Student: 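My questions will all concern the structure given below.
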Amino acid sequence: MSSFPVEKTWWKEAVVYQIYPASYLDSNGDGLGDIPGIISKVPYIKSLGVDAIWLSPIFASPQKDMGYDVADYRSIHAPYGTINEVQTLIEKLHANNIRILMDLVVNHTSDQHAWFKESRSSKSSAKRQWYIWRDAKYDEMGNRKEPNNWKSIFGGSAWVFDEGSDQYYLALFLPSQPDLNWENADMRKATHDDMRFWLDRGVDGFRIDSMNLMSKHPDLPDGKIVNPDEPYQSGAEFFASGPKMHDYIREIRTEVLDHYDVMTVGELGFTKDEKSVRQYVAKDRHELNMLFTGDIVDMDFGANAKYERDDFHPRKIRHITNMWQKAMPKFNGWNTIYLDNHDSGRSLSRYASDAPQHRSNAAKMMATYMTTLSGTPFMLAGQEIGMANLGKDYGAESYIDVEGKNYYNEVLKNRGGNVEKMNDVLREMQLKSRDHGRLPMQWDNSPHAGFTVESAQPWMTVNKDFTEWNVASQLDDPNSIMAYWKQILALRKAYKDLLVYGSYTALDESETGEMVLGYERESSETGQKAVVLLNFSNQSQQVTVQRYEGFKVLISNQSGDGIVKEEVELQSYGAVVLLSA
Ligand code: ISL
């Protein structure tokens with residue numbers, strides 16, 4: 001249990017709803033979602049009972065990585081709308097007591113950013129040092145080689161040779177996403193100004209993209225050779241959580257964030273140990289409010305590559321959940337609670353089941369997980385109606401995102417271009433491709449799910465299951481997934497001393513069985529307890545709950561529950577929340 005009294009803040013009580021702008025609603029018939037589309041759905045967003053939205057990047061961008069390649073942080077990607085429309089969105093959200101978080105993408109920019117164009121113009125450019133430039137190396141034969149052996153996160157070398165200025169620049173993602181050089185104080189100041197630009201327009205905080213990649217080891221040493229057959233190796237040890245990382249965040253805090261009432265959530269890649277995590281979010285560190293540690297969306301990634309097989313098992317979610325729920329209170333940190341984002345497949349299809357007979361219950365069970373833990377829940381638009389992955393009848397050609405495509409093509413090449421040999425990779429893409437998290441929102445059963453007009457070509461495949469699984473069909477159905485979300489979000493607010501601020505105690509696997517995740521929450525104000533039991537399997541499970549005899553059922557996705565006796569029978573993907581008197 002925490003040795004700190006938990007301080008109450010709005011961002012701890014908030015529930016955040018992530019909107020991927022391309023995929024929410026197209027208002028002008030070009031097949032791409034836009035800002036006016038989101039504006040028109042503010043009443044809908046409000047009706048769910050969420051408190052904030054996180055908007056994935058909407059800034060001017062060549063869209064090589066769907067806006068995570070920013071060309072100008074102060075203007076809007078024209079097909080999404082105008083800056084005035086963004087201002088209207090902010091105002092309309094605020095009028096409805098909904099806050100807005102922007103995506104702060106400042107580990108890298110697009111190669112179309114004016115800063116980079118100037119930087120690459122010559123070695124003596126005033127902005128040369130705003131990016132990471134290095135001379136070529138040469139082997140004994142005189143062949144030009146990259147400055148080190150780092151592999152890009154999206155495949156190939158992390159270095160790009162610039163013929164014009166005769167040096168390499170570092171790009172940890174796409175070659176068109178050059179990494180900024182955070183060592184440079186002028187660059188940092190310009191970035192702080194960009195942040196203020198949005199904060200002064202009313203933005204309530206940031207999700208900080210690739211946050212801990214900003215500081216690299218100053219010598220950029222070669223990564224360990226783990227795969228001798230491959231030309232490039234992971235350099236994560238040297239580019240993640242580098243020596244100046246905490247200086248940069250603290251500077252952002254004191255120079256910018258502390259002058260506003262805002263929240264921050266940093267995306268933390270490659271760094272997952274408690275000691276390092278502590279340094280970013282312990283309250284006395286004065287750095288970030290919370291983090292996405294990533295492990296919860298990586299539970300079925302292979303040991304060497306995302307698209308290698310390593311099946312989900314409930315013991316994984318038990319381990320990760322218990323680890324962070326126990327860790328954060330020790331240092332007065334705060335958790336994020338999430339299962340989905342735009343970088344992977346839908347959790348429903350990966351960690352539970354989207355089979356027709358299970359889908360509704362499984363989605364409600366996952367909603368129960370998302371709303372009964374200590375931390376700030378981040379739900380991905382579509383979760384409220386149980387949106388699922390594209391089915392197995394969609395082939396490799398349906399996947400358009402650069403991360404998955406690059407990987408697929410690399411493996412295909414290594415296998416001599418034989419598509420017949422690609423079934424294993426396709427299987428993993430059907431589970432984890434980033435495209436699934438970015439599917440157009442399913443509003444109704446009209447053509448293209450009501451996402452865009454009939455005559456338009458949606459930018460991304462609309463999942464054909466929309467005829468059954470859509471917002472309109474659930475709005476008035478009291479047994480729908482959406483109705484369950486609304487109910488449990490309202491309970492989270494009504495019982496916030498317990499469900500937001502209460503302490504967490506894991507139930508032991510010996511008590512619940514290996515397929516059931518169980519935990520207790522307890523209010524320090526009233527001593528009231530909630531017990532949460534979540535069945536992550538398609539079989540029914542019995543859990544003995546003698547010690548909770550007399551508790552009543554607060555919410556459940558199964559019928560026939562009331563006052564608890566000795567045992568709870570969880571149906572497949574059943575979820576039951578018990579409450580003490
Ligand atoms: O997508 C991934 C694997 O599923 C991750 O490796 C991801 O690239 C990493 O978590 C960083 O993600 C963020 O920055 C990327 C962008 O493509 C992602 O969409 C974003 O969330 C580069 O800006």
Side-chain angles (χ1 to χ4, degrees), residues 16 18-23 54-59 61-71 73 77 101-113 116 150-156 158 170-180 206-214 234-236 239-241 265-272 291-308 310 336 338-347 350 378 380 389 399-408 410 425 428-438 460:
V16 185
Q18 182 188 358
I19 294 182
Y20 199 67
S23 300
W54 151 28
L55 198 54
S56 280
I58 51 167
F59 315 104
S61 160
Q63 303 287 324
K64 294 280 180 345
D65 186 21
M66 288 305 292
Y68 283 92
D69 47 333
V70 177
Y73 203 63
H77 180 53
L101 312 180
M102 290 256 181
D103 222 307
L104 180 69
V105 192
V106 292
N107 170 68
H108 46 269
T109 67
S110 160
D111 61 357
Q112 298 307 304
H113 198 296
F116 187 72
W150 293 358
K151 178 167 77 177
S152 147
I153 293 164
F154 289 157
L170 181 69
L172 290 179
F173 293 92
L174 292 176
S176 57
Q177 289 171 299
D179 279 56
L180 284 161
F206 296 104
R207 175 264 186 187
I208 310 178
D209 186 72
S210 306
M211 180 275 299
N212 65 317
L213 309 189
M214 293 176 203
S234 171
F239 66 63
S241 293
V265 48
E267 187 194 21
L268 188 74
F270 308 97
T271 300
K272 302 199 191 309
L291 296 167
F292 294 128
T293 48
D295 36 12
I296 206 85
V297 284
D298 295 359
M299 286 188 287
D300 55 359
F301 286 15
N304 301 309
K306 172 177 175 177
Y307 297 105
E308 280 173 11
D310 188 2
T336 54
Y338 66 106
L339 293 167
D340 288 81
N341 62 31
H342 62 292
D343 283 337
S344 232
R346 297 263 169 186
S347 63
R350 296 161 66 201
F378 286 75
L380 177 64
N389 282 357
Y399 295 92
I400 61 172
D401 175 59
V402 65
E403 179 228 29
K405 261 174 97 165
N406 282 1
Y407 182 80
Y408 184 93
E410 199 178 302
V425 178
E428 300 309 304
M429 286 174 73
Q430 286 166 339
L431 286 168
K432 303 172 231 174
S433 162
R434 308 203 301 180
D435 292 302
H436 301 296
R438 305 168 178 196
M460 172 67 203

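Please read these numbers as outputs of a predicted model, since none were measured by experiment. Remember, it's 1-based here, ligands and their atoms both numbered in the order they're listed.
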Student: Output the list of atoms in ligand 1 that are nearer than 4.0 Å to some heavy atom of H342, sorted by atom number.
Tutor: 18 (C), 19 (O), 20 (C), 21 (O)
Student: Heavy-atom contacts with R434 under 4.0 Å: which atoms of ligand 1 show up? List them by number with element.
Tutor: 1 (O), 8 (O), 16 (C), 17 (O), 18 (C), 19 (O)
Student: Please list, in number order, the atoms of ligand 1 under 4.0 Å from a heavy atom of R438.
Tutor: 19 (O)
Student: Just to confirm my output: which protein heavy-atom neighbour is closest to atom 2 (C) of ligand 1, and how far is it?
Tutor: E403 OE2, 3.6 Å
Student: Of all the atoms in ligand 1, which lie at a distance below 4.0 Å from a heavy atom belonging to S210?
Tutor: 11 (C), 13 (C), 14 (O)
Student: Salt bridge between D435 and R346, side-chain N to carboxylate O under 4.0 Å?
Tutor: no
Student: Does some non-hydrogen atom of the protein lie less than 4.0 angstrom from atom 5 (C) of ligand 1?
Tutor: no
Student: Can you sort out which atoms of ligand 1 are near K306, meaning under 4.0 Å from one of its heavy atoms?
Tutor: 3 (C), 4 (O)
Student: Is any side-chain heavy atom of L174 closer than 4.5 Å to one of S152?
Tutor: no
Student: Counting the benzene-type ring for Trp, do Y408 and Y307 have ring centres under 6.0 Å apart?
Tutor: no
Student: Kindly indicate whether the side chain of V106, heavy atoms from C-beta on, has any atom under 4.5 Å from the side chain of Y73.
Tutor: no
Student: Quick one: does R207 get within less than 4.0 Å of ligand 1, heavy atoms only?
Tutor: yes
Student: Can you name the atoms of ligand 1, numbered from 1 with element, that are less than 4.0 Å from a heavy atom of H108?
Tutor: 22 (C), 23 (O)
Student: Considering only protein heavy atoms, which is closest to atom 13 (C) of ligand 1, and at what distance to one decimal place?
Tutor: D209 OD1, 2.8 Å
Student: Within ligand 1, which atoms have a heavy atom of E267 less than 4.0 Å away?
Tutor: 9 (C), 10 (O), 11 (C), 12 (O), 13 (C), 21 (O)
Student: What residue and heavy atom of the protein are closest to atom 8 (O) of ligand 1, and at what distance?
Tutor: F173 CE2, 3.5 Å
Student: Is D300 salt-bridged to R350, cutoff N-O under 4.0 Å?
Tutor: yes
Student: Checking contacts here: is it the side chain or the backbone of Y68 that comes within 4.0 Å of ligand 1, counting heavy atoms only? Could be both or neither.
Tutor: both
Student: Answer yes or no: is there an ion pair linking R207 with E267, defined by an N-O contact shorter than 4.0 Å?
Tutor: yes
Student: Hey, what do you get for CZ (R438) to OG (S23), rounding to the nearest 0.5 Å?
Tutor: 8.5 Å
Student: For atom 22 (C) of ligand 1, what's the nearest protein heavy atom and its distance?
Tutor: D65 OD2, 3.4 Å
Student: Specify the closest pair of heavy atoms between D209 and V105, including all atoms of both residues, with the distance to one decimal.
Tutor: OD2-CG1, 3.6 Å
Student: With a 4.0 Å cut-off on N to O distance, would you call K432 and D310 a salt bridge?
Tutor: no
Student: How far is atom 21 (O) of ligand 1 from the closest protein heavy atom, and which atom is that?
Tutor: D343 OD2, 2.5 Å
Student: Establish, yes or no, whether a centroid distance under 6.0 Å links the rings of Y338 and F292.
Tutor: yes
